[in-house]
Participant: 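Mind having a look at this structure? Questions to follow.
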Amino acid sequence: QNAVFDQALLQKSTVAYNQAIDKFGDKKYNPQSYGNFDFDERLQYVERCQLNLALAYEKLKDYQNARSVYALIPRPSEEYERVQLLIAQTYALEENTSEAIAMYEKILKDANISNDSKDLSRIKLADLQRSAKRYAEAAVSYELIVAANPQGEYADDAQYLVGVCYYQIEDKKPEDLNKAVAAFQKVIDDYPNSPNVSDAYYGITLAYRDLAEKSDAAYWAKVIEVADAATAAFGNSDDGKVLETLNNINLVKINALESSKGSEAGIDAMLEVLRKVVSSPVSTVDAKARSQLKMGHLLYEVKRYQEAIAEYEKLIEISPDDESAPTARYQIAVCYFQLGQAATDDSEKQRFLQASAGASESALKGNLDADMSLSTYYALGLAKAGLKDQAGATDAFQKVVSLSEQVGDERRQTSVYDAHARLADLYVDQSQYEPAIQEYEYIINNSQDKDTQARSYFSIALVCDEHLNDYNKAIANYQKA
C-alpha cells in the first residue's frame, strides 16, 4: 500500500477500463454490429476490466468508486469472494474501522463464503481490533479463528496472535500474562512446524519476565527453563530470523540470571549467554557492543578486573565508534585503578596506576559528553594522585570542578564534592591555603551531607590553626565541626 503510482496513468486507465466495460458489457454490446459475432470470453474480459478498474480507483484512493465497481461482480463469479474481502479492505484503507468490521462480519455470516475466506475475514477483523489496541477483543477473535478451523491456513498465525494480544493488554495483570503463556505454549505444542514457534518461545520468556518483576520472583526460573528449551530447539538453526529471536530470548535470560548475580556461578552463566549473543552470526554490531559492555560490567562488579578489561577492550575492537565505547575506555581506567589499589607490591601498584592514567588520557581524546568527561577526569585525578603527581592530579580535579555545572547526572555530584575535597588537600600540600579554604567552603555551602560539611569545617579549622595562625577563625570552625 506504500507503493508510489503514476496518478495520471491511473486516471487514463480508469477511462480506458470504463470505455471497455461500456462497449462490451451486456447493456450495450450488440453482436449485430459485429456481424452477429459474439465470443464466450467476452463477459470474463469485462469482469477483469471491472476488477482492474476498481483496483485503479483504490490506488487513486477513490474508495467509494472502487466499492461501487467491486459491487458489480456477481455472486456466481469466481472472483466474488475475493471482491467481498477487497470491499472490506477499502474501508480499512480509508480508516473507516467500523464499516470495515461490519463488512467482515457480513462475510462471516454468508453461508456461501468458503471457510478459507472466512478464516481470512476473521483474521482481518482481529487485526483491526489489534491495531486499535483493543487487545482483549482481538484475543477472543483470534481464538475464534483457531476454534473455527484448527487446521486452517491461518490457524497457527492466529494462535500466536492470541498470545501476542494477551501479552499486550496494558495492565499486565497476572491472569492475562498467564493466558499469553498458555497461548504461546499451544503454538509450540499444536503447530510444531509453524514459523511462529521461535517467536512463541520469546513471548513466553517475556511473559514470565513480567510475572517475575510484577508478581513472583520464582518466575525467573521459568524464564531460564524456557530460554534453555528454545536454545535446545533452535541452537543449530541457520535461519537468520530464528537466530535473531534466539538472541532476544538469551537477553531476557540475562535478566533472569541477574537475580542470582551475587554468586560466581550466576555471573558465569550470564557471561556464557552474552558470549553466545556476541558470536551469533545474526547479531548486529550494536547488540555485540552492548553484550561486551554488559560482560565488562558484570566482571567489574565481582572485582574480576583483569577479565573486565579484556571484555571492554573487545568492545572497542568490535566497534570503536559505538556510543558505549567511551564508557568502555573509562571503565578500563577504573579497573586499572582498582587493581592498583589492591596491589601490595609497590612496583605493581605503580604499573597499574600508570595504566589507569594512560587509559584515562586516551579516553579523553575521544568525543565525550560533559558527564563522561567529568568521570574520566576524576579517574585521571585519582590515578595521578596515587602516582604522587600533584600537578597532574590538581589539573584533573580542576577539570572536574569546571565541568560540574554542565553535568546532567546527579549521581556524579559525589565525584564533584570529592574533587573539591581532594583539590583542597592538594592546595594545602602545596601551601596554597586560601584556595584550599575556598574549596572546603564550596563543599559546606553545596553539600547536603552533614558529615561531609563537618569534615570541611574541621579541615578549615586545621588550616587556620596550623598554617595561617588565624586562631579565632580556627576556633569558630572547630565549633561548627
Side-chain angles (χ1 to χ4, degrees), residues 330 333-334 336-344 346 349-350 352-361 363-364 368 370-481:
Y330 161 73
V334 175
Y336 277 126
F337 179 78
Q338 295 292 355
L339 287 167
Q341 291 292 93
T344 55
D346 284 343
K349 179 186 286 289
Q350 292 296 302
F352 284 134
L353 291 174
Q354 288 285 5
S356 178
S360 296
E361 289 167 340
L364 288 165
L368 308 184
D371 286 334
M372 186 54 66
S373 292
L374 186 150
S375 293
T376 307
Y377 274 117
Y378 180 72
L380 177 60
L382 292 176
K384 292 288 187 179
L387 292 166
K388 310 300 183 186
D389 180 354
Q390 289 188 336
T394 299
D395 182 66
F397 289 129
Q398 284 174 339
K399 291 289 197 325
V400 173
V401 170
S402 69
L403 288 164
S404 62
E405 296 298 323
Q406 300 177 41
V407 299
D409 191 341
E410 286 296 321
R411 292 172 297 178
R412 286 181 167 81
Q413 287 305 316
T414 300
S415 298
V416 172
Y417 293 137
D418 190 61
H420 280 285
R422 289 177 181 275
L423 268 177
D425 292 342
L426 285 164
Y427 287 143
V428 170
D429 290 342
Q430 299 169 66
S431 301
Q432 299 181 45
Y433 303 120
E434 289 302 330
I437 289 174
Q438 289 174 12
E439 296 300 332
Y440 291 131
E441 287 177 341
Y442 174 90
I443 298 170
I444 292 167
N445 293 329
N446 291 276
S447 175
Q448 302 300 313
D449 184 79
K450 297 298 183 184
D451 289 338
T452 301
Q453 290 175 329
R455 285 193 298 271
S456 297
Y457 279 123
F458 188 78
S459 296
I460 292 174
L462 282 177
V463 170
C464 293
D465 186 7
E466 297 180 0
H467 301 289
L468 297 178
N469 298 324
D470 187 344
Y471 302 119
N472 289 331
K473 189 172 182 178
I475 292 171
N477 280 279
Y478 278 134
Q479 290 173 336
K480 291 177 182 177

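Every heavy atom of this structure was used, including side-chain atoms; hydrogens, water molecules and symmetry mates were not.
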Participant: Is the Y442 ring parallel, tilted or perpendicular to the Y417 ring (thresholds 30°, 60°)?
Facilitator: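 If you compare the ring of Y442 with that of Y417, the planes turn out tilted.
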Participant: Measure the shortest side-chain to side-chain distance between L380 and D395 over non-hydrogen atoms and say whether it is less than 4.5 angstrom.
Facilitator: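 Answer no - side chains too far apart.
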Participant: Looking at V416 and V400, what are the two nearest heavy atoms and their distance?
Facilitator: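 Answer, listing the atom of V416 first, then V400: CA-CG1, 4.3 Å.
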Participant: With side chain to side chain donor-acceptor pair (under 3.5 Å) as the criterion, how do Y440 and N445 come out once you've worked through the C-alpha distance, each side chain's angles and the decisive distance to 0.1 Å?
Facilitator: CA-CA 9 Å; Y440 291 131; N445 293 329; over 6 Å; no
Participant: Calculate, to the nearest 0.5 Å, the distance between atoms CG and CD belonging to D389 and Q354 respectively.
Facilitator: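 One finds 8.5 Å between CG of D389 and CD of Q354.
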Participant: Taking it one step at a time, do D418 and Y378 satisfy side chain to side chain donor-acceptor pair (under 3.5 Å)?
Facilitator: CA-CA 9 Å; D418 190 61; Y378 180 72; 2.5 Å; yes
Participant: Check for a donor-acceptor pair, side chain of S456 on one end and backbone N or O of T452 on the other, with a separation under 3.5 Å.
Facilitator: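 Answer holds: yes.
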Participant: Could you give the distance from OG (S373) to NZ (K399), rounded to the nearest 0.5 Å?
Facilitator: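 Here the rounded value is 10.5 Å.
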Participant: Show your working on side chain to side chain donor-acceptor pair (under 3.5 Å) between T394 and Q430 and close with a plain yes or no.
Facilitator: CA-CA 10 Å; T394 299; Q430 299 169 66; 3.2 Å; yes
Participant: Do the non-hydrogen side-chain atoms of R412 and S375 ever get within less than 4.5 Å of each other?
Facilitator: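 When only atoms from C-beta onward are counted, S375 and R412 do touch, with a gap below 4.5 Å.
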Participant: Which heavy-atom pair separates S415 from L374 by the least distance, and what is that distance?
Facilitator: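 Heavy-atom minimum between the residues: CB-CD2, 4.2 Å.
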Participant: State, with a plain yes or no, whether a side-chain heavy atom of T344 is found less than 4.5 Å away from one of K349.
Facilitator: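 T344 does not reach K349 side chain to side chain.
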Participant: Starting at CD of Q398, measure out to CG of L426 and round the result to the nearest 0.5 Å.
Facilitator: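 If I round to the nearest 0.5 Å, the distance is 9.0 Å.
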Participant: Flag the pair F337 / V334 as yes when at least one side-chain heavy-atom distance between them is below 4.5 Å, and no otherwise.
Facilitator: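 Side-chain contact under 4.5 Å: no.
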Participant: Test side chain to side chain contact (heavy atoms under 4.5 Å, CB included) on K473 and D465 and set out the steps.
Facilitator: CA-CA 8 Å; K473 189 172 182 178; D465 186 7; over 6 Å; no
Participant: Taking all non-hydrogen atoms of both residues into account, name the closest pair between N477 and A461 and its distance.
Facilitator: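 N477 and A461 have their closest heavy atoms at CB-CB, 3.8 Å.
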Participant: Drop me the distance from Y427's OH to E434's CD, to the nearest 0.5 angstrom.
Facilitator: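 Output value for this atom pair is 12.5 Å.
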Participant: Between N469 and Y471, does a side chain to side chain donor-acceptor pair (under 3.5 Å) hold up when you go through it step by step?
Facilitator: CA-CA 6 Å; N469 298 324; Y471 302 119; 3.2 Å; yes
Participant: Using distance alone, with no hydrogens and no angle criterion, decide if Y433 and D470 have a side-chain donor and acceptor under 3.5 Å apart.
Facilitator: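 Note: Y433 and D470 side chains miss the donor-acceptor criterion.
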Participant: If every non-hydrogen atom of A333 is compared with every non-hydrogen atom of S360, which pair is closest and at what distance?
Facilitator: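 Closest approach of A333 to S360: CB-OG, 3.2 Å.
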Participant: Quick check for you: to the nearest 0.5 Å, what is the distance between E441 atom CD and I460 atom CD1?
Facilitator: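 So the gap between those two atoms works out to 5.0 Å.
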Participant: Go through it in stages, so that I can follow the logic: the residues are L468 and I437, the test is side chain to side chain contact (heavy atoms under 4.5 Å, CB included), and I'd like the CA-CA distance, side-chain angles, deciding distance and then a yes or no.
Facilitator: CA-CA 11 Å; L468 297 178; I437 289 174; 3.7 Å; yes
Participant: Assert yes or no for the condition that the ring centre distance of F458 to Y478 is strictly below 6.0 Å.
Facilitator: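 Ring centroids of F458 and Y478 are less than 6.0 Å from each other.
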Participant: Is the closest side-chain heavy-atom distance between K384 and E361 below 4.5 Å?
Facilitator: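 Yes. Closest side-chain heavy atoms under 4.5 Å.
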Participant: Looking at every non-hydrogen atom in both residues, tell me the closest pair between G381 and F397 and how far apart they are.
Facilitator: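 Closest pair (atom of G381, atom of F397, distance): C-CZ, 3.4 Å.
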Participant: State whether the side chain of E439 and the backbone N or O of L423 hold a donor-acceptor pair below 3.5 Å, judged by distance alone.
Facilitator: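 Not at all, since once roles are kept as given, no pair shorter than 3.5 Å links the two residues.
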Participant: If you measure only the distance, is there a donor-acceptor pair under 3.5 Å linking the side chains of S356 and Q338?
Facilitator: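 The answer is no; no qualifying pair exists.
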Participant: Taking side chain as C-beta onward, heavy atoms only, is L382 less than 4.5 Å from R422?
Facilitator: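 Yes. Closest side-chain heavy atoms under 4.5 Å.
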Participant: If you compare all heavy atoms of A357 against all heavy atoms of A383, which two are closest, and at what distance to 0.1 Å?
Facilitator: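 Where A357 meets A383 most closely, the heavy atoms are N-CB, 3.8 Å.
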Participant: With the side chain counted from C-beta on, respond yes when V401 and Y377 share a heavy-atom pair under 4.5 Å apart, and no when they do not.
Facilitator: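 Counting from C-beta outward, V401 and Y377 never come under 4.5 Å.
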Participant: Output yes when a side-chain donor or acceptor of Q453 lies under 3.5 Å from a complementary backbone atom of S447, and no otherwise.
Facilitator: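 Side chain of Q453 to backbone of S447, a donor-acceptor pair under 3.5 Å: yes, one is there.
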